[in-house]
Participant: 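The following block contains the structure, expressed as C-alpha cells.
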Amino acid sequence: MTATDAAPSGKLPTDPWGPLRARASEMLRPSLEHAGWKGTVEELARVLEPGPEGKADLAVPMFRWSKTLGKRPDDLAKAIASGITPSPEFPRVSAEGGFVNFHMDLRAFTSTTLRMVLEGKGSYGAGAAKAGSVCVEHTSANPTGPLHIGRSRNTVIGDTLVRVLRAAGWNVVSQFYVDDVGRQAAMLVWIWSKPLSEWPPQIREASHLPGDERPPGLKADHWYGRAYPPTAAYIKEHEEAARSLAELSARMESGAMPKEEYRKVPKEILDGILSSLARMHAAFDEFVWESDFLFDGSVERVAEKVRASSRYRRTDDGAEGVDATDFGLPKEAPLAYFRRADGTYLYPARDLAYHLQKFARFDRVIDVLGEDHKLHAKGVAALLEAAGEKRSAEVLTYGFINLPEGRMTTRGGRVVNLDDVLDEAHERAVQEVRKRREDLPSEEVERIAESVGSGAVRFHILRVQPEKPIVFRWEEALSFEGKSAPFVQYAHARACSILRKAGGSETSPMLVVPSPALEQIPPTLHPKEEALVRTLSQLPGLIARVSESRSVHLLALYAHEVAERFNEFYQELRVLNSEDEVRPFRLALTCAARQVLANTLAVIGVDALERM
RNA sequence: GGGCGCGUAGCAUAGCCCGGACGAUGCGCCGGCCUUCUAAGCCGGAGAACCGGGGUUCGAAUCCCCGCGCGCCCGCCA
C-alpha cells in the first residue's frame with residue numbers, strides 16, 4: 001500500500017448499486033400496486049436481482065406473483081413494464097420472458113463508479129462504521145512446535161475475516177488463545193527443564209538436535225518442537241516418566257510454579273510461530289493465556305454460575321457437567337463436562353471463562369475452529385447458556401488440509417510445515433522474477449519474491465470454501481499463474497507500470513487522476529471497458545455480503561475476476577497511445593482498476609506490488 | 001451405528017443460504033499472439049444434461065425425501 005491509498009477524511013463510503021436498487025424499487029412499486037400487488041419495499045429490494053449480461057442491469061421475475069395477480073408471467077411483466085415511467089437512472093424498462101428488466105444509463109453509472117473509486121481511494125469498498133465490537137479468535141495453536149500448513153488454514157480464514165470485518169466498519173479485536181496448562185505444556189517443561197545431557201537417550205536421539213546450543217539460524221519453534229513428538233512417545237512407554245509428568249502438571253496447575261518458568265518455552269515457540277505468521281501478514285491484537293483463568297479464580301466463579309443452572313448435572317462419582325443434548329451432543333453422551341471427579345477442571349471450564357470474558361467486552365464473538373472442534377464448540381455453547389450468557393459465539397469451522405498420502409500426523413512425521421512451504425515459495429518466486437527482470441537489484445528481487453511467495457500460499461488456501469477439505473499438492477500451492485495471488489499482483493503491477501508512464505515519475509505511478517466528469521466518458525463503452533467497470537462496482541456490495549456471511553473465499557475469487565477483467569481490457573485496448581477523446585477515460589479506468597485491486601488485495605492480506 | 005459437512009468437465013474450484021432467462025473460472029489438452037503500455041499475460045477451440053433415484057414447482061446444480069461415496073466427530077484429552 002502506498003501513502004496515497006489513504007482515504008480522505010470526511011468522505012462517506014459508498015456503493016454504486018445502492019441508489020440504483022432503491023430507485024428501481026421506487027419505480028416498480030406503483031406499477032405493481034396498480035396491478036393489484038400488495039407488499040413492502042423490502043420485499044421488492046430482495047426480489048431485484050442482477051440480470052444476465054446484455055439483458056438487464058436489474059431484473060424482477062414476475063413468476064412469483066403471476067398466480068395471485070391472475071396473469072401469465074410474460075403478460076404481467078409487459079403490463080408492469082409499460083406502467084413504469086422511465087427515469088434518468090433507468091431510461092428504459094422492458095419486459096421479456098416474464099422478467100421486468102431495468103436498463104441503467106451506463107455512462108452515468110460509469111461516471112459514478114469511477115468517482116467513488118477514485119475519491120474513496122483506500123476506503124472504496126468499505127462500509128459505514130458499525131456500532132458494535134467484534135472479537136475474532138483464530139489460530140490458537142498449541143505452542144509445542146512449528147505450525148503446519150493445515151493449521152495455517154485457520155490463520156488465513158481468521159485473519160481475512162478480521163480484515164473484511166474491519167473494512168465493513170466493525171471495530172475488531174483479534175485474539176490468539178495460548179494453551180500453557182495441561183499435559184502438552186507440562187511435557188515441554190518436563191523435558192526442557194533438564195540439560196540435554198540428562199535427557200533419556202531415546203528422546204535425545206529421536207529429536208535430532210544438532211548440539212546443546214540452538215544454532216543461530218534455527219527458529220525456536222523448530223528447535224524446541226523437535227523434542228516434542230519423541231517426548232510424547234517416550235512418556236507413553238515409560239510409567240515413571242508419566243508419573244513425574246503428572247506431578248509436574250499438578251504442580252503447574254496448583255500455582256506453585258511461577259508462570260515465568262512454565263511459560264518460557266511456550267513463549268519462545270510462540271514467537272517462532274508468530275514470525276512465520278508475520279510472513280503471511282497475519283498478526284494479533286491480543287494474546288490470552290489459558291493459565292490466567294486458572295489462577296485469577298475465574299474458573300471457580302463461572303463454575304458456580306453453571307451450578308445454579310437447570311442444565312447442571314453431577315455424576316455419582318462427582319464429575320460435573322451440563323446437559324447439552326439440545327445443543328447437539330449425542331443422547332448416549334449428553335453431558336458437556338467441565339470438572340473431573342477428582343476435582344480438577346477440564347479444558348471447557350477454562351474455555352467457558354474465556355468466552356464469558358469475551359462477551360463482557362465485545363458484542364459479537366467469532367471463533368475460527370478446525371472441524372474436529374465442532375462438538376467441543378457445542379459443549380461450550382451449552383456451558384455458556386448455563387452460565388447465563390444469552391448470546392452465543394459464531395463458530396466458523398473449516399476442513400483439514402490433507403496430503404495426497406492421507407492425513408498429516410506429527411508423530412508419524414508426515415507433516416508439511418508452513419515455514420517449508422513459505423521458503424520453497426520464496427525460492428521459486430526468486431527464480432521467476434530473475435527470469436524476467438534482470439534489471440532489478442537483488443534486494444528488490446528478494447522483496448518481490450517474498451510477497452509473491454507468501455501471497456501465493458495465502459491465496460491458495462483462501463480460495464476454497466472453508467467447509468471443503470483441501471489436498472495439499474506442492475505444484476498447485478505454488479502455482480504463480482491462473483487463479484493465484486501472483487496473477488492478481490501482476491495485474492496490479494501492470495496497472496502501476498502504465499500509470500508510471502502516463503505521467504507519474506520513474507518510481508511512483510500516477511495515482512491522482514481527475515475524477516472523470518460525464519463528458520469525459522465516451523458515448524459508447526467498449527465491451528471490455530464496460531465489463532471492467534461493472535466488476536469494479538461490485539466491491540462494496542461484496543465486502544458487505546462477506547462480512548455477513550463470513551464466506552471469505554469469495555474475496556479471493558473476486559480479486560481474480562478484477563485482475564482478469566483488467567488484463568482483458570488493457571490487452572485489447574491501448575491506454576497510453578489511445579486517441580485523445582478516450583485517453584483520459586482509459587487512464588481513469590486504469591487508475592480505478594489499480595485502486596480496486598489494491599483494496600481487494602489488502603482485504604485478503606496479499607501485497608499489492610508496484611512492479612514485478 | 002449416530003451427528004455434522006462435502007460430492008459440479010481429466011484434475012481443482014465458484015454458483016446452492018434467498019429456485020429463474022445460455023452451467024462460470026483455473027490447471028491440463030489442441031491452435032494462435034512478444035519490432036507499440038512487463039507473455040506471471042491475451043485470443044480461439046475441444047471437454048460436464050451439476051453422485052444416483054424419487055418429490056415439490058410454471059421453472060431445480062440450487063428446496064425436500066431415500067440411497068451411495070468421501071471427510072470430521074462421537075473421552076471425566078486439549
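Protein chains get the first letters and strands the later ones, always in sequence-line order, with residue 1 at the start of each.
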Participant: So what does Q465(A) touch, heavy atoms closer than 4.0 Å: a base, only the sugar-phosphate, or nothing?
Facilitator: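 Sugar-phosphate: the residue Q465(A), judged by heavy atoms under 4.0 Å, touches backbone atoms but no base.
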Participant: What does L576(A) touch in the nucleic acid at a heavy-atom separation under 4.0 angstrom: a base, only the sugar-phosphate, or nothing?
Facilitator: base
Participant: With distance as the sole criterion, do the side chain of N567(A) and the base of A39(B) form a donor-acceptor contact below 3.5 Å?
Facilitator: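 By the distance-only test, no, there is no pair.
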Participant: For V471(A), report the nucleic acid contact type (base, sugar-phosphate, nothing); a contact means any heavy atom under 4.0 Å.
Facilitator: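 Result for V471(A) = nothing.
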Participant: Salt bridge or not between R545(A) and E548(A)? Use side-chain N to carboxylate O under 4.0 Å.
Facilitator: no
Participant: Need one value for R407(A): base, sugar-phosphate or nothing, where a base atom within 4.0 Å counts as base even if backbone is also close, heavy atoms only.
Facilitator: sugar-phosphate
Participant: So what does L335(A) touch, heavy atoms closer than 4.0 Å: a base, only the sugar-phosphate, or nothing?
Facilitator: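 Answer is nothing: L335(A) stays at 4.0 Å or more from every strand.
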Participant: May F400(A) be described as stacking on the base of G71(B), applying a 5.5 Å centroid limit and a 30° limit on plane angle?
Facilitator: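 The base of G71(B) is not stacked with F400(A) (the test needs centres under 5.5 Å and planes under 30°).
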Participant: Given A21(B), U36(B), C43(B), which nucleotide is nearest the side-chain atoms of A59(A)?
Facilitator: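 So the nucleotide nearest the side chain must be A21(B).
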Participant: Would you classify D179(A) as touching base, sugar-phosphate or nothing, given that sugar-phosphate means primed atoms plus P, OP1 and OP2, and contacts are heavy atoms under 4.0 Å?
Facilitator: sugar-phosphate
Participant: Could you work out which one of U38(B), A78(B), U25(B) sits closest to the side chain of M612(A)?
Facilitator: U38(B)
Participant: Starting at atom CZ of R350(A), determine the distance to atom C1' of C76(B), rounded to an integer number of angstrom.
Facilitator: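 Roughly 13 Å, once rounded to whole Å.
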Participant: How would you label the contact of H553(A) with the nucleic acid (heavy atoms, under 4.0 Å): base, sugar-phosphate, or nothing?
Facilitator: sugar-phosphate
Participant: So, does K468(A) get its side chain near the phosphate of C70(B), meaning an N or O under 4.0 Å from OP1 or OP2?
Facilitator: no
Participant: Quick one: label P469(A) by what it contacts on the DNA or RNA (base, sugar-phosphate, nothing), any heavy atom closer than 4.0 Å.
Facilitator: sugar-phosphate
Participant: Grab the CD-C1' distance between E561(A) and U13(B) for me, whole Å please.
Facilitator: 15 Å
Participant: Which comes earlier along RNA chain B counting from the 5' end, the contact point of Y337(A) or that of M62(A), where each point is its nearest nucleotide?
Facilitator: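 Counting from the 5' end, the first nearest nucleotide belongs to M62(A).
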Participant: Would you say S479(A) reaches C27(B)'s phosphate, i.e. side-chain N/O to OP1/OP2 under 4.0 Å?
Facilitator: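 Checking S479(A) against C27(B): no side-chain N or O falls below 4.0 Å of OP1 or OP2.
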Participant: Starting from the 5' end of RNA chain B, give me the residue, L375(A) or V464(A), whose nearest nucleotide shows up first.
Facilitator: V464(A)
Participant: Report the distance from atom CZ of F487(A) to atom C1' of U25(B), rounded to the nearest whole Å.
Facilitator: 10 Å
Participant: Just checking A491(A): base, sugar-phosphate only, or nothing, at a heavy-atom cut-off of under 4.0 Å?
Facilitator: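 Counting heavy atoms under 4.0 Å across all strands, no contact is made by A491(A).
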Participant: Over how many whole Å does the gap from H376(A) atom NE2 to C74(B) atom C1' extend?
Facilitator: 15 Å
Participant: Hey, does R314(A) reach any base, or is it just sugar-phosphate, or nothing, if we go heavy atoms under 4.0 Å?
Facilitator: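 If one applies the 4.0 Å heavy-atom cut-off, R314(A) turns out to touch nothing in the nucleic acid.
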Participant: Considering every strand and a 4.0 Å limit on heavy-atom distances, what is the contact class for H560(A): base, sugar-phosphate, or nothing?
Facilitator: sugar-phosphate
Participant: Give one of base, sugar-phosphate or nothing for D439(A), where a contact means two heavy atoms less than 4.0 Å apart.
Facilitator: nothing
Participant: Consider the side chain of E564(A), meaning its heavy atoms from C-beta on, and name the nucleotide among C42(B), C37(B), A78(B) that approaches it most closely.
Facilitator: C42(B)
Participant: Which nucleotide sits closest to the side chain of P348(A): A78(B), G20(B), A14(B)?
Facilitator: A78(B)
Participant: If I take atom CD in residue E467(A) and atom P in nucleotide C72(B), what distance separates them, rounded to the nearest angstrom?
Facilitator: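 Value for this atom pair: 16 Å.
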Participant: Any chance the rings of W474(A) and F472(A) have centres within less than 6.0 Å?
Facilitator: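 Yes, the ring centres sit under 6.0 Å apart.
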Participant: Is any side-chain N of the basic residue among R565(A) and E561(A) closer than 4.0 Å to the acidic one's carboxylate O?
Facilitator: yes
Participant: Check this for me, if you would: do D607(A) and R447(A) make a salt bridge, where the nitrogen-to-carboxylate-oxygen distance has to be below 4.0 angstrom?
Facilitator: no
Participant: Rounded to whole angstrom units, what separation is found between the CD atom of E49(A) and the P atom of U62(B)?
Facilitator: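 The answer, rounded to whole Å, is 17 Å.
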Participant: What's R339(A) touching, base or sugar-phosphate or nothing? Going by heavy atoms closer than 4.0 Å.
Facilitator: nothing
Participant: So, does R494(A) get its side chain near the phosphate of A39(B), meaning an N or O under 4.0 Å from OP1 or OP2?
Facilitator: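 So the side chain of R494(A) is within the cut-off, an N or O lying under 4.0 Å from OP1 or OP2 of A39(B).
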Participant: Answer with base, sugar-phosphate or nothing: what part of the nucleic acid does V575(A) contact at a heavy-atom distance below 4.0 Å?
Facilitator: base
Participant: Return the value, rounded to whole Å, for the distance between atom CD of E475(A) and atom C1' of G26(B).
Facilitator: 16 Å
Participant: Return yes if a side-chain donor-acceptor contact under 3.5 Å exists between E290(A) and Y354(A), otherwise no.
Facilitator: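 Side chains of E290(A) and Y354(A): no pair found under 3.5 Å.
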Participant: Can you tell me how far C1' of C43(B) sits from NE2 of H526(A), to the nearest Å?
Facilitator: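 Rounded to the whole Å, the gap is 13 Å.
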